[in-house]
Amino acid sequence: MKYQKSITLLNVIFMIALILSVAVQYNDPDPLLWMLVYGAGGGCCILFMLNKLHWTLSAIVFTVTIFSAGMFLPDVLEAHVSIVELFQDITMKSKGVDYSREMGGL
């Protein structure tokens, strides 16, 4: 397997990033939602490492997050938020910035 080491390395990187993301959500206005989302992704990474991940679980997590992100799309398009506004300031200047960041997180 030529790509096995690369896939394993990427999996470990994403696993660490997702688990750390769960850890920093405690101060979010809706922490449980984000802990579940990032935890599901991290859990898939752990199961992959243990060679116990069935493709249907990954498909379910993917489908739920894409559908959820799509729910933010009308608000994001209506708000006309620029890329600069998303990264300009850490505070939420508007609902459009908030929705855009939430969609990106999903």
Side-chain angles (χ1 to χ4, degrees):
M1 289 272 159
K2 183 177 177 181
Y3 299 106
Q4 189 170 357
K5 287 184 182 180
S6 298
I7 290 172
T8 301
L9 177 63
L10 283 172
N11 186 67
V12 168
I13 290 169
F14 278 102
M15 179 182 65
I16 291 168
L18 289 164
I19 290 170
L20 289 175
S21 295
V22 170
V24 299
Q25 293 306 310
Y26 66 91
N27 66 348
D28 197 78
D30 46 359
L32 185 60
L33 169 69
W34 291 105
M35 287 177 167
L36 289 172
V37 168
Y38 294 135
C44 284
C45 291
I46 291 168
L47 290 173
F48 179 81
M49 296 264 310
L50 298 173
N51 203 24
K52 298 204 182 286
L53 179 65
H54 195 272
W55 70 270
T56 54
L57 179 59
S58 295
I60 290 168
V61 171
F62 174 79
T63 302
V64 168
T65 55
I66 290 298
F67 177 74
S68 299
M71 291 175 59
F72 286 108
L73 189 58
D75 294 318
V76 170
L77 293 175
E78 184 180 307
H80 303 291
V81 176
S82 71
I83 297 294
V84 174
E85 288 177 280
L86 289 177
F87 300 104
Q88 188 173 19
D89 194 358
I90 197 160
T91 60
M92 299 297 177
K93 295 275 184 187
S94 68
K95 282 286 188 190
V97 170
D98 185 33
Y99 290 145
S100 298
R101 290 179 182 173
E102 299 258 332
M103 186 174 158
L106 286 167

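As the structure is a computational prediction, the values presented were derived from the model and not from experiment. For reference, positions follow the sequence shown, starting with 1.
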Nearest heavy-atom pair of [X] and [Y]: which atoms, and what distance?
X: S58; Y: L53; result: OG-CD2, 3.3 Å
X: M35; Y: Y26; result: CE-N, 3.8 Å
X: V61; Y: C44; result: CG2-SG, 4.0 Å

Among the clusters formed by ILVMFWY side chains lying less than 4.5 Å apart, do [X] and [Y] turn up in the same one?
X: M49; Y: L57; value: no
X: L50; Y: M15; value: yes
X: L18; Y: L33; value: yes

Could you tell me the separation between the CD1 atom of I66 and the CE atom of M71, rounded to the nearest 0.5 Å? 13.5 Å
Nearest-0.5 Å distance that lies between atom CD in Q25 and atom CG in L36: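 Interatomic distance, Q25 CD to L36 CG, rounded to 0.5 Å: 11.0 Å.
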Flag the pair L20 / Y38 as yes when at least one side-chain heavy-atom distance between them is below 4.5 Å, and no otherwise.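 They are not in side-chain contact.
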Heavy-atom side-chain contact between C45 and F14 under 4.5 Å: yes
Between I19 and I46, is the side chain to side chain contact (heavy atoms under 4.5 Å, CB included) condition met? List the steps. CA-CA 10 Å; I19 290 170; I46 291 168; 4.1 Å; yes
